[in-house]
Amino acid sequence: MKKIGVLTSGGDSPGMNPAIRAVVRKAIYHNVEVYGIYGGYSGLICGNIKKLELGSVGDIIHRGGTMLQSARCPEFKTTGGQQKGIEQLKAHGIEGLVVIGGDGSYRGAKALTELGYPCVGVPGTIDNDIPGTDMTIGFDTALNTVIDAIDKIRDTATSHERTFIIEVMGRDAGDIALWAGLAGGAETILIPEENYNMDEIADRLRKGQERGKKHSIIVVAEGVCSGGEFAKQLKDATNLDTRVSVLGHIQRGGSPSAADRVLASRLGARAVELLIEGKGGRAVGVENNKLVDYDIIDALAKKHTLDLELFNLSKELSI
Ligand code: F6P
């Protein structure tokens, strides 16, 4: 393989830039040319493709977002859109593609693979919801952003003896809520993977108040309900006045953490190795700190599982 392409797609995540850098540098190290596809699958369909050199990825390792830009592209869900993409790749002489993104991006890479075009998926999303890897690129940085917010909210919650509800992202997965809630010492964590019991939550708040603890932090994953909706339910059940903070897109930005930069460098480089070895249709990941790769079709057929042991631990530690 002498020419490969790289694109980022779907919601951006901190660490996409170091992943792009790793793809470019690893490929050039092996005398393979690299083309950047700008604007995700939309850019692919309209041929927004430019050659990348070593210097093109200088000074980006510490930057959030993605220098290749990203987009969500409904047209790429159709076979017509996918075929247009393959035609563009072939017209530029590009023989394989690295796709950095989340669930939707993987589906695009899977579709290209099924049409016979070699693609390798690199998991880049803050949601940590991709099967076949313990961690996705961007998750660690997003967690640090959420923890920073929780710590700050805790200051004002303590001063005013208030209960705060903090809504975090994650789409249908509760990983951000669970990990940030545990690391931030939240009294209650609500995740879509487990039903919650309002009586139990009310009881925990009451017991805390009885032992003199007048403030409380509740982290709600967006996949459960909105923070506002939960505040209403809690008010109906306990008559408690709360304050709601929706952290929103700040969770997607910021300089990638050291852990995300290392993960991105390892996964980006491994994706290039696979293409050079002639292994398309793979998805790379890290399991027990070892690099792994799976058939992308099999990987997508699996379901991401959240660590329920962590959830139980969070309950034990927040009595
Ligand atoms: O997948 C990343 C993510 O940030 C999710 O956590 C969130 O539900 C979604 O993207 C938001 O998407 P958009 O930026 O298109 O509003």
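Counting starts at 1 for both ligands and their atoms, following the listed order.
With hydrogens left out, the protein atom closest to atom 3 (C) of ligand 1 is Arg252 NH1, 3.4 Å, a heavy atom. Ranking protein heavy atoms by distance to atom 9 (C) of ligand 1, first place goes to Arg171 NH2, 3.5 Å. Of all protein heavy atoms, the one lying nearest to atom 1 (O) of ligand 1 is Asp127 OD2, 2.6 Å.
Any N or O atom pair closer than 3.5 Å counts here, and Gly170 shares at least one such pair with ligand 1.
Contact check for Leu313 versus Glu309: no side-chain heavy atoms found under the 4.5 Å cut-off.
Using a 4.0 Å cut-off between heavy atoms, His249 contacts ligand 1 through its side chain alone, with no backbone atom that close.
A salt bridge between Lys77 and Glu75 is absent, with no side-chain N of the basic residue lying under 4.0 Å from a carboxylate O of the acidic one. The pair Arg171-Asp129 does not count as a salt bridge, with every side-chain nitrogen at least 4.0 angstrom from each carboxylate oxygen. Taking a cutoff of 4.0 Å between a charged side-chain nitrogen and a carboxylate oxygen, Lys315 and Glu200 qualify as a salt bridge.
Arg72 counts as a contact of ligand 1, since one of its heavy atoms falls under 4.0 Å from the ligand.
Within ligand 1, the atoms closer than 4.0 Å to a non-hydrogen atom of Glu222 are 5 (C), 6 (O), 7 (C), 8 (O), numbered from 1 in the order shown.
Under a cutoff of 6.0 Å and an axis angle of 45°, Lys50 and Tyr35 do not form a cation-pi pair.
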Yes or no on salt bridge (charged side-chain N to carboxylate O under 4.0 Å, His left out) for Lys302 and Asp298, after CA distance, side-chain angles and deciding distance? CA-CA 7 Å; Lys302 286 198 242 161; Asp298 295 347; over 6 Å; no
